[in-house]
Amino acid sequence: MYNRCALSPEITHNDFLMDLEAARTARESLELVFQMSNILDTGLDRHTLSVLVALCDVGLNPESLAAVVKEFQRESPHNASTSDSLASTTGTAQTASPFP
């Protein structure tokens, strides 16, 4: 009878569960993309990867995005040195985003 979520009367319990499942799947997918990125030594962080995936989802060409990322990385070599200095200072590896 009352199959509505307390957060919003328009959202059913099933909708809420589907949203939770979609969020879990998205997190798992991003984690896989991040692991592949690390294996390929791209230096991209999770946030940057999530932005790139979202841009692909809305129809941007992945090859064009890759070219833009490579250009940003070429133009700002300080990202790698900043990441290296952070790793040596903190003892943890950091990845740098090509986006300011």
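- Residue pairs that meet the side-chain hydrogen bond (donor to acceptor under 3.5 Å, both in side chains) test with at least one member in residues 28-37, sequence neighbours left out, are R24-E28, E31-Q35, E31-R46, S37-T42.
- Contacts classified as side-chain hydrogen bond (donor to acceptor under 3.5 Å, both in side chains) and involving residues 49-69 (residues at least two apart or in different chains) are not found.
- Residue Q73 holds its CD atom at 10.5 Å from CD of E71, rounded to the nearest 0.5 Å.
- Residue L44 holds its CG atom at 9.0 Å from CZ of F34, rounded to the nearest 0.5 Å.
- L60 is linked by a side-chain contact (heavy atoms from CB on, under 4.5 Å) to L55, V58, L65, counting only residues two or more places apart in sequence or in another chain.
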